[in-house]
Amino acid sequence: MDDSRAQRSLMSKTLARQGYHVAEAGSGIEALQVFAAQDFDLILSDWMMPGMDGLELCQAIRARKASGYVYFILLTSNSDKDAVARGLDVGADDFLSKPFNPDELRARIAAGGRILSMERELQETNRLVTSALSELKTLYDSLDRDLVEARKMQQSLVRESFRDWGRAEVSLMLKPCGHVGGDLVGFFDAGKDHIAFYSIDVSGHGIASALLTARLASYLSEGSPTHNIALIERADGDHRRQPPEMVAAQLNTLLTKDMLSEHYFTMLFGYLDMNTGQVEFTQCGHPSAVILDQSGRTQFIGEGGMPIGLISAAEFERQTVKLQPGERLIFYSDGFTECEDVGGKQIEEHGFGEILEKNSGLTNEMLFDAMVWDLDRFAGGQDFGDDLSCVMLTYKSRT
């Protein structure tokens, strides 16, 4: 834009010879009308024009919402630094002194072209990133919905959170640290006067671990005794209990030879004889069980043992303990004892035992709540780093 027709004609011819498409305007107002009719990449404008000068035109162009960036070069005979600063303040990108040199004009426009090219590349990159983020959000939302449903299904594996057998009762707690987890707890009727109960912790977290817990739940299901590997059907239709160490051995064979899973799991599995209070159990790399007696004191029991699924030749042992009326036997996951405070220190068995002793006067369900509450306080409000699960068996009477 230039109010001098001769200057405009000279510049237009110079630019046309260099291969540019050129449109002319004799004033700032006319330039805005031309700009409104089509998009331009670069504007060359004289500073001094009647009516709307170059600075005002630049401001007007910057106020419009163009599809892309417009490079603005001011033509001026004013080399005053304050004038240049004013031009930059209103949005000018470059300056060209009058009378212009054709080679300098070509170089200034080429520099603007490079900047516009980078701006277009950035716009395209942003478009691709925005598109990718939108697709990822769609996928994430879909996955999140699936995980919410998976959590519901995993929680349904614990069909009952409490059952009273009269002479004993069992309570369960399952609290994944994410949508889904690798912990599993349960119990089932193990034949005349016997209760089977277990706590399992599959390695890792997430969907793969949750799928394995679902598979394991089917092997220890009360709903289908003929498919429960802990029970063997007898000729009279009743079921005989497999020793707890044999249950562990069979699960180990399934995991190492049949399922060929990359995961392993720890487990406590046991039977309670409701007539005598005797518990037979096997410990497979799981945290030691704890007895909470009537006076509120804790006793940790267990000898460790090998996890299930690490080696095919693993051997498992049977352990026994006798409960007195009113005592509680607790199987729990390592999410309790490995809980960390803000400094990274674990609560360990001692701290977990203190929580149990402090809240020993509560009923099972209230005790579960208190355990999580005190653990959260120990962690300083941080998210738990692992799933929390617990089986609490209360022996009430020998009769």
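For reference, positions follow the sequence shown, starting with 1. Predicted model, so just to flag it, every value in this text is computed and none were measured.
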Q. Would you call the rings of Phe188 and Tyr198 parallel, tilted or perpendicular, where under 30° means parallel and over 60° means perpendicular?
A. tilted
Q: If the plane angle is over 60° it's perpendicular, under 30° parallel, otherwise tilted; pick one for Phe40 and Phe35.
A: parallel
Testing the basics here: between [X] and [Y], what is the closest heavy-atom pair and its distance to 0.1 Å?
| X | Y | result |
| --- | --- | --- |
| Arg328 | Leu367 | NH1-CD2, 3.8 Å |
| Gln278 | Thr320 | NE2-CG2, 4.5 Å |
| Ile109 | Leu15 | CD1-CD2, 3.0 Å |
| Phe384 | Lys175 | CE1-CE, 4.2 Å |
| Arg167 | Tyr395 | O-CD1, 3.7 Å |
| Thr276 | Lys322 | O-CE, 3.2 Å |

Looking at [X], I want to see if its [atom1] is surrounded by more than 12 non-hydrogen atoms of other residues, nucleotides or ligands under 6.0 Å.
| X | atom1 | result |
| --- | --- | --- |
| Arg297 | CZ | no |
| Gln38 | CD | yes |
| Asn126 | CG | yes |
| Tyr264 | OH | no |
| Glu317 | CD | no |

I want to check something: taking the side chain as every heavy atom from C-beta on, are [X] and [Y] in contact at a cut-off of under 4.5 Å?
| X | Y | result |
| --- | --- | --- |
| Met274 | Ile195 | yes |
| Asp374 | Asn359 | yes |
| Val279 | Leu329 | yes |
| Leu74 | Leu96 | no |
| Lys257 | Ser312 | yes |
| Val70 | Ile43 | yes |
| Asp93 | Ile115 | no |
| Leu32 | Met52 | yes |

Between [X] and [Y], is any side-chain donor less than 3.5 angstrom from a side-chain acceptor?
| X | Y | answer |
| --- | --- | --- |
| Ser199 | His286 | yes |
| Ser12 | Glu24 | yes |
| Thr298 | Glu357 | yes |
| Ser389 | Asp387 | no |

When rounded to the nearest 0.5 angstrom, what distance separates [atom1] in [X] from [atom2] in [Y]?
| X | Y | atom1 | atom2 | answer |
| --- | --- | --- | --- | --- |
| Cys284 | Met267 | SG | CE | 4.0 Å |
| Gln299 | Asp293 | CD | CG | 8.5 Å |
| Thr125 | Met118 | OG1 | CE | 12.5 Å |
| Thr363 | Met392 | OG1 | CE | 9.5 Å |
| Ser45 | Ile73 | OG | CD1 | 11.0 Å |
| Cys58 | Arg86 | SG | CZ | 13.0 Å |

Path from [X] to [Y] over hydrophobic side-chain contacts below 4.5 Å:
| X | Y | value |
| --- | --- | --- |
| Phe269 | Leu254 | yes |
| Leu184 | Leu388 | no |
| Leu362 | Ile291 | no |
| Tyr332 | Phe378 | yes |
| Leu172 | Leu272 | yes |

Could you tell me whether a side-chain N or O of [X] sits under 3.5 Å from a main-chain N or O of [Y], the two making a donor and an acceptor?
| X | Y | answer |
| --- | --- | --- |
| Ser117 | Arg114 | no |
| Asn228 | Ser221 | yes |
| Asp46 | Met49 | no |
| Asp341 | Gly344 | yes |
| Arg241 | Ala190 | yes |
| Gln382 | Ala379 | yes |

**Q.** Test log, rule side chain to side chain donor-acceptor pair (under 3.5 Å), inputs Thr266 and Asp201
**A.** CA-CA 5 Å; Thr266 64; Asp201 185 358; 4.6 Å; no
**Q.** Derivation and outcome, salt bridge (Lys or Arg N to Asp or Glu O under 4.0 Å), residues Glu124 and Arg120
**A.** CA-CA 6 Å; Glu124 177 62 14; Arg120 291 192 188 97; over 6 Å; no
Q: Determine, for Glu354 against Lys358, whether the closest basic-nitrogen to carboxylate-oxygen distance falls under 4.0 angstrom.
A: no
Q: Would you sort out whether Trp165 and Phe187 count as a ring pair (Phe, Tyr, Trp, His ring centres under 6.0 Å), showing the intermediate values?
A: CA-CA 12 Å; Trp165 268 271; Phe187 56 79; 5.5 Å; yes
Q: For the pair Glu169 and Asn364, evaluate side chain to side chain contact (heavy atoms under 4.5 Å, CB included) and give the outcome as yes or no after the intermediate values.
A: CA-CA 10 Å; Glu169 60 184 39; Asn364 289 2; 3.9 Å; yes
Q. For Tyr271, what residues pass the side chain to side chain donor-acceptor pair (under 3.5 Å) criterion, not counting sequence neighbours?
A. none
Q.
Testing Arg318, Gln283, Gln319, Gln250 one by one against Glu245 for a side-chain hydrogen bond (donor to acceptor under 3.5 Å, both in side chains), which residue passes?
A. Arg318
Q: Go through Leu255 and His263 one step at a time and tell me if the side chain to side chain contact (heavy atoms under 4.5 Å, CB included) criterion holds.
A: CA-CA 8 Å; Leu255 204 60; His263 290 276; 5.8 Å; no
Q. Hey, mind stepping through His227 and Ser218 against side chain to side chain contact (heavy atoms under 4.5 Å, CB included) and telling me if it holds?
A. CA-CA 8 Å; His227 294 93; Ser218 70; over 6 Å; no
Q) So Ile311 and Asn252, side chain to side chain contact (heavy atoms under 4.5 Å, CB included) or not? Walk me through it. A) CA-CA 8 Å; Ile311 57 174; Asn252 191 65; 5.8 Å; no
